[in-house]
Amino acid sequence: MNSTIKFLMFFFSVTTAQPLKGQNQLIFADQRLAIVYPIIQKFKNIISADPLGITKTWVGPNICNYTGFYCESPPDNNSAIALASIDFNGFQLSALTLDGFLDQLPDIAIFHANSNNFGGTLSPKIANLPYLYELDISNNQFFGPFPSPILGMNSLNILDIRFNSFTGSVPPQLFTKDQLDALFINNNNFMQMLPDNIVTSHVTYLTLANNRFFGPIPHSISKILSSLSEVLLLNNLLSGCLPYEIGFLNEAIVFDAGNNRLTGPLPFSLGCLENVEMLNFARNQMYGIVPDVICALGNLANLSLSDNYFTGFGPICLRLIENGVLDLRNNCIPGFPFQRSIAECVAFFAYPRYCPHMATYTYIPCWLSNFKTPTLDLPELAP
C-alpha cells in the first residue's frame, strides 16, 4: 500500500454540531483532530477579547493551520496526526477560564499561554493528560491556591506559573517530582517558610522570587538547591543569618537574595562558589567585614551589597569597587563615600547583633590553593 493511499485512509467525514447552510460535513485528516475540533470551537466562543485577530484563523477542518496550533504524530501511533502543542504566547486573548479546553485535549504535549488574560483556576482533569510535559500559563490572571492537580501530572518537565495571583503554600511534593526539571513560581503571593526537609537534586531551574516566603534560609539549602545554576530568592520576607552550607551550591552561577530581611555577616564559604558570576545581598540587614575570599572569586562580575550595614572590606574587594564589580553604597563604612548617616548606623548597632554557629562563618569548606588570607575578625557590634 503506497503512502498516498495510506494517508487517504485517515480522512473521514464528521457532521458539525451547527453546520453551515449548504455545508453539512467537514473532512479531517485524522479522527483525533475531529475530536478536538468542537472543543476548540467552544473555547473560541468564550474568548471575550482578541485584539490581534488570532481566532479568525480558527475556521474549518485544517486545525494544524490554525494560528497557535501545531500537529505531530502522538507517541502511541506514529502514523496518526494529532494536536500536539499550543503556543498562545503574547496573543493577548481574554477568557474567564481554560476549563473545558486544555483539560479536554487528549494528545497535548506542550501548552504555552504566556501573556494573555486567562483566569480562574485549573481543572483537576489536567492530571489525566498523559503527554503534557510543558505547561506555561505565566503572566495571566489565575488565582486561588496552588493548582494541586499538577501534582498528579507524571509527565510534567517544565511548569511556569509566574506572574499570576496564586496564594497560600506550595505543596512539598512538588519539589520532589523526579521528572520536573524547571519550576517557575515567582511573582505570586505564596506565603510560607522555605521547606527544610526537601531533598532533591533534579530541578535545574527554580525561581521563588517576588513572593512572601519567610523565615531563615535552611541549612539543608545545599541539598535542596544543589543542582541549580540560578538561585533566585529576591524580594521575599526571608530573615535570619546565612548558613555556611550556602557554600556548597557548586553549580550556582547566580545567587540573588536581595531585598529580604537577612542579617549577620557574610560566611567565608561563599568563596567556594567558583562558578558564580552574580551575588546579590543588597537591601538586607547584613553587617561586618566583606571577606576578601568572596571578592577573590574568579568569575565574579557583579557583587551587590548596597543598602546593608557593612563596616569594612579588604584590599581585593577594593579592586572590585574600582572596577565597578562591587557595590557597597549605603552601608556604614567609615570614610567611604555614599554611606548611611552616622545616626542610621548608630541606631542599627545600638542593639546586640548575634548569629548562631558563629564559628562556621570563617570556615571555608573547599580547598582554595591560590588564596591565603588571615582570618578576619567579624564584629558583632559596631566599632
Side-chain angles (χ1 to χ4, degrees), residues 33 35-59 63-72 74 82-153 155-167 170 174 180-190 205-207 210-211:
L33 298 176
I35 291 173
V36 300
Y37 173 80
I39 297 169
I40 296 170
Q41 297 305 314
K42 182 180 178 181
F43 177 63
K44 177 181 176 180
N45 289 334
I46 70 168
I47 291 177
S48 57
D50 178 14
L52 303 180
I54 300 298
T55 59
K56 292 179 181 178
T57 69
W58 300 359
V59 178
I63 293 172
C64 303
N65 283 345
Y66 288 7
T67 301
F69 291 77
Y70 302 89
C71 298
E72 297 286 349
L83 175 59
S85 63
I86 290 176
D87 186 355
F88 290 166
N89 285 353
F91 282 2
Q92 304 174 43
L93 301 173
S94 297
L96 293 176
T97 182
L98 291 178
D99 287 4
F101 176 58
L102 171 60
D103 54 300
Q104 297 297 314
L105 303 175
D107 299 302
I108 196 73
I110 299 173
F111 186 83
H112 291 173
N114 176 287
S115 301
N116 287 277
N117 292 298
F118 299 138
T121 57
L122 293 182
S123 168
K125 294 180 181 178
I126 63 170
N128 299 326
L129 301 175
Y131 308 128
L132 185 60
Y133 69 91
E134 287 189 18
L135 177 59
D136 179 0
I137 56 170
S138 59
N139 198 20
N140 279 280
Q141 299 178 17
F142 293 98
F143 59 86
F146 180 87
S148 58
I150 288 174
L151 299 177
M153 300 174 66
S155 60
L156 196 63
N157 294 136
I158 299 174
L159 175 63
D160 190 346
I161 59 173
R162 296 175 288 180
F163 294 95
N164 281 287
S165 298
F166 291 111
T167 57
V170 180
L174 179 68
L180 195 62
D181 292 324
L183 176 60
F184 305 103
I185 61 175
N186 54 286
N187 293 84
N188 281 282
N189 292 306
F190 293 121
Y205 300 97
L206 173 67
T207 60
N210 301 300
N211 280 285

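This is a predicted model, so every value here is computed, not measured.
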Under 3.5 Å, is there a donor-acceptor pair between the side chain of [X] and the main chain of [Y]?
| X | Y | value |
| --- | --- | --- |
| Ser155 | Leu132 | yes |
| Asn116 | Gln92 | yes |
| Asn164 | Arg162 | yes |
| Asn45 | Phe43 | no |
| Asn187 | Asn210 | no |
| Lys44 | Trp58 | yes |
| Thr67 | Thr57 | no |
| Gln141 | Ala95 | no |
| Asp50 | Thr55 | yes |

### Task
Give a yes or no on whether Glu72 atom CD has more than 12 heavy-atom contacts from other residues, nucleotides or ligands under 6.0 Å away.
no
### Query
Any chance CG of Leu151 has more than 12 other-residue heavy atoms, nucleotides or ligands included, within less than 6.0 Å?
yes
Let me confirm one number: the [atom1]-[atom2] distance from [X] to [Y], rounded to the nearest 0.5 Å.
| X | Y | atom1 | atom2 | value |
| --- | --- | --- | --- | --- |
| Leu83 | Leu105 | CG | CG | 6.0 Å |
| Gln41 | Ile39 | CD | CD1 | 11.0 Å |
| Asn140 | Ser115 | CG | OG | 7.5 Å |
| Asp87 | Phe69 | CG | CZ | 11.0 Å |
| Asp181 | Leu156 | CG | CG | 9.5 Å |
| Ser123 | Phe101 | OG | CZ | 13.5 Å |

What are the two closest non-hydrogen atoms of [X] and [Y], and how far apart are they?
| X | Y | answer |
| --- | --- | --- |
| Asn89 | Ala113 | OD1-N, 3.4 Å |
| Pro106 | Pro130 | O-CD, 3.6 Å |
| Thr121 | Asp99 | O-OD1, 3.3 Å |
| Ser165 | Asn189 | CA-ND2, 4.2 Å |

### Message
Taking the six-membered ring for Trp, are Tyr133 and Phe111 closer than 6.0 Å centroid to centroid?
### Response
no
### Task
I would like to know whether Leu33 and Cys64 meet side chain to side chain contact (heavy atoms under 4.5 Å, CB included); could you show each step before the answer?
CA-CA 9 Å; Leu33 298 176; Cys64 303; 4.0 Å; yes
Just so I know, are the side chains of [X] and [Y] near enough to count as touching, which here means a heavy-atom distance under 4.5 Å?
| X | Y | result |
| --- | --- | --- |
| Asp136 | Ile158 | no |
| Asp103 | Ile126 | yes |
| Phe118 | Ile137 | no |
| Leu96 | Ile46 | no |
| Val170 | Asn211 | no |
| Leu159 | Leu174 | yes |

### Message
Using side chain to side chain contact (heavy atoms under 4.5 Å, CB included), reason through Phe91 and Ile47 one step at a time and then give a plain yes or no.
### Response
CA-CA 12 Å; Phe91 282 2; Ile47 291 177; over 6 Å; no
### Message
With no hydrogens and no angle check, just 3.5 Å: does a side-chain donor-acceptor pair link Asn186 and Thr207?
### Response
yes
#### Entry: Under 3.5 Å side-chain donor-acceptor pair for Ser138 and Asn114
yes
### Query
Taking it one step at a time, do Val36 and Ile108 satisfy side chain to side chain contact (heavy atoms under 4.5 Å, CB included)?
CA-CA 10 Å; Val36 300; Ile108 196 73; over 6 Å; no
### Query
Given the rule in the side chain to side chain contact (heavy atoms under 4.5 Å, CB included) test, do Phe142 and Leu98 qualify, once you have shown the distances and angles that lead to the verdict?
CA-CA 10 Å; Phe142 293 98; Leu98 291 178; 3.7 Å; yes
